[in-house]
Novice: 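Quick one: this structure, given as structure tokens, is what I'll be asking you about.
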Amino acid sequence: MNRIFLLVPLLLLTGCGGANWGWYIIDPTTTTGWNNLKFLASGAYWTIALSLTAICFSVVIGLLIALPGLSKHRGWRGVNRTYVELVRAVPILVLILWVWYGLPVVSGINLTIFWAGVLALALSDSAFQAEIFRAGIQSVARGQYEAAQSISLNYRDTMRYVILPQAIRRILPALGNQFVYMIKMSSLVSVIGMQELTRKANELSVSVYRPLEIYTILVVEYLILILIVSAGVRWLERKMQAAEQ
Amino acid sequence: MPDADTAPLISMQGVSKFFDEFQALKDVSLCVKEGERVVVCGPSGSGKSTLIRCINRLEAHEAGDIVVDGVTLSDKTLDHIRGTVGMVFQQFNLFPHLTVLENLTLGPRRALGLSEEEAEARAMLYLERVRIPDQANKLPRQLSGGQQQRVAIARSLCMEPRILLFDEPTSALDPEMIAEVLDVMVELARSGMTMIVVTHEMGFARKVADTMVFMDKGEIVEIGPPEQVFKAPKSARFATFLNQILNH
């Protein structure tokens, strides 16, 4: 509930600031205003689809990269380190541009804007996911592995039934933060033409020349999305805690 | 006392184990026959835990041979040997996110391929044996330490091992809970289970042990039937240790 109050300063700013506001362009009581609002909100679908798909891929890639990082063999750990260091060093925007303009040339694979965006976001985030998973898995006591070994569980079952359920509970807040981060980073995919929230705001802004109001709405749109996600993560955390008590 | 002529179920020959520079086991040899109950004691850092942890390769030994039920322990035979040897830990190591029943059925279902019904029936059988069938649907944290350790014993039994290793099973328990765990272990011993127990519970050792092993500095210093070694310790180190344990 307290989070609703976060909106208060924003409303104060928009209502009481000295700027010359022109809210008429998104006044829902006028046809033009209503259409403009609908146009702005229509990007939400792609923002959500892009972030959700990308986070799913980045979690899977992150986990697959984290596991060799926990290996006893130096070679496997090297694979993990190389990937993490390499991917973390590339800015997301640069990766998006490279996947969209460069990848088709070197690989012959032509991705749609959506999948290029998903790939770039997922790759970029996966390095961070890998580190989160590694920390989470390492936080599970050694005795849990030993108990699993002593009842003859193989590596896959040990991870699936014993280690990961415990690790994921611990890293859930971090994964939630990463999802919030992903929603924010998805705005960068607008540069290659993805029709998500930011792109829609850009397009409307250049046609009606009211960037102040339009980008303020854009801020509110992201704020609402992210507050919903945070609430969801908190709910999930509480549910998992309750299940353990 | 088991038949002296039968082949040993566990045979350790010249086993050495290092942790970096520190040698935790020095050329240790030990034979355990089917149905034999061995109690291992010794000061902390004497290598007693390492000794039993080598048997199911929670620690890999660097030299010597460990043969379990005729099979030499190696990476290739590890799965087979872990199926033969069960282990109970000092800290119980129950899976905290799973109920008691799930803790017990996980191994039989995933490693032995039992159906859910078969695994649950087996789990309930062993929960009754450790006298807590009514706790089946609770989470480990809802149980007392003694109950948790009995669940851990039941979890090992569900894999129907031929040998059970106990690594200081009562050391993490409050004094009033030690008896309930020892009772279950005494019962197990009487049922003919082959057991190697690392413990300082000398009463338990006197009651059930066929063989008493005293370790110090990575070596077996004294070995023999309890009545013999308790009455007439051959080494000064064991005599001092016994004195400390019994009179503290």
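Protein chains get the first letters and strands the later ones, always in sequence-line order, with residue 1 at the start of each.
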Novice: If you count every heavy atom of other residues, nucleotides or ligands that lies below 6.0 Å from A:W76 atom CH2, does the total exceed 12?
Specialist: no

Novice: Measure B:M159 against the heavy atoms of chain A and call it side chain, backbone, both or neither at under 4.5 Å.
Specialist: side chain

Novice: So how far is it from B:R155 CZ to A:S150 OG, rounded to the nearest 0.5 Å?
Specialist: 6.0 Å

Novice: Of all residues at least two apart in sequence or in a different chain, which pass the salt bridge (Lys or Arg N to Asp or Glu O under 4.0 Å) check with A:E85?
Specialist: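 Residues passing salt bridge (Lys or Arg N to Asp or Glu O under 4.0 Å) with A:E85: A:R81, A:R88.
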
Novice: With a 4.5 angstrom heavy-atom cut-off, could you sort out which part of B:F95 is near chain A: side chain, backbone, both or neither?
Specialist: both

Novice: Do other residues, nucleotides or ligands put more than 12 heavy atoms under 6.0 Å from A:Y222 OH?
Specialist: yes

Novice: Tell me, side chain or backbone of B:V88 under 4.5 Å from chain A's heavy atoms, or both, or neither?
Specialist: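 No part of B:V88 comes within 4.5 Å of chain A.
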
Novice: Taking all heavy atoms of B:R110 and all of A:L153, pick out the closest pair and write down the distance.
Specialist: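 For B:R110 versus A:L153, the nearest heavy atoms are CB-CD2, 3.8 Å.
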
Novice: Quick one: pull up CG in B:L98 and CD in A:Q166 and give me the separation to the nearest 0.5 Å.
Specialist: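 Nearest 0.5 Å value for the CG-CD distance: 8.0 Å.
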
Novice: Taking only residues at least two apart or on different chains, which pairs with a member in residues 73-92 of chain B satisfy salt bridge (Lys or Arg N to Asp or Glu O under 4.0 Å)?
Specialist: B:R57-B:D75

Novice: So which heavy atom on A:I151 is nearest to which on B:A111, and how close?
Specialist: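 Between these two residues, the closest heavy atoms are O-CB, 3.7 Å.
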
Novice: Determine, step by step, whether B:L58 and A:Q149 satisfy the side chain to side chain contact (heavy atoms under 4.5 Å, CB included) criterion, reporting the C-alpha distance in whole Å, the side-chain angles of both residues, the deciding distance to 0.1 Å, and the verdict.
Specialist: CA-CA 8 Å; B:L58 292 180; A:Q149 285 170 352; 3.0 Å; yes

Novice: Does any heavy atom of chain A fall under 4.5 Å from the side chain of B:L112, the backbone, both, or neither of them?
Specialist: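 Neither part; nothing is under 4.5 Å.
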
Novice: Which answer fits B:R53, side chain, backbone, both or neither, if we ask what part of it has an atom under 4.5 Å from a heavy atom of chain A?
Specialist: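 Only the side chain of B:R53 comes within 4.5 Å of chain A.
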
Novice: Could you list which of residues 112-145 of chain A have a heavy atom closer than 4.5 Å to any heavy atom of chain B, in residue-number order?
Specialist: A:R142, A:G143, A:Q144

Novice: Measure the CG-OG distance between B:L78 and A:S152 for me, rounded to the nearest 0.5 Å.
Specialist: 8.5 Å

Novice: With no hydrogens and no angle check, is any side-chain donor or acceptor of B:H97 less than 3.5 Å from a backbone partner on A:I163?
Specialist: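 It does not hold such a pair.
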
Novice: With a 4.5 angstrom heavy-atom cut-off, which part of B:E160 approaches chain A: side chain, backbone, both or neither?
Specialist: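 For B:E160, no heavy atom lies under 4.5 Å from chain A.
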
Novice: With sequence neighbours excluded, what pairs up with B:Q91 under the side-chain contact (heavy atoms from CB on, under 4.5 Å) test?
Specialist: B:N93, B:A172

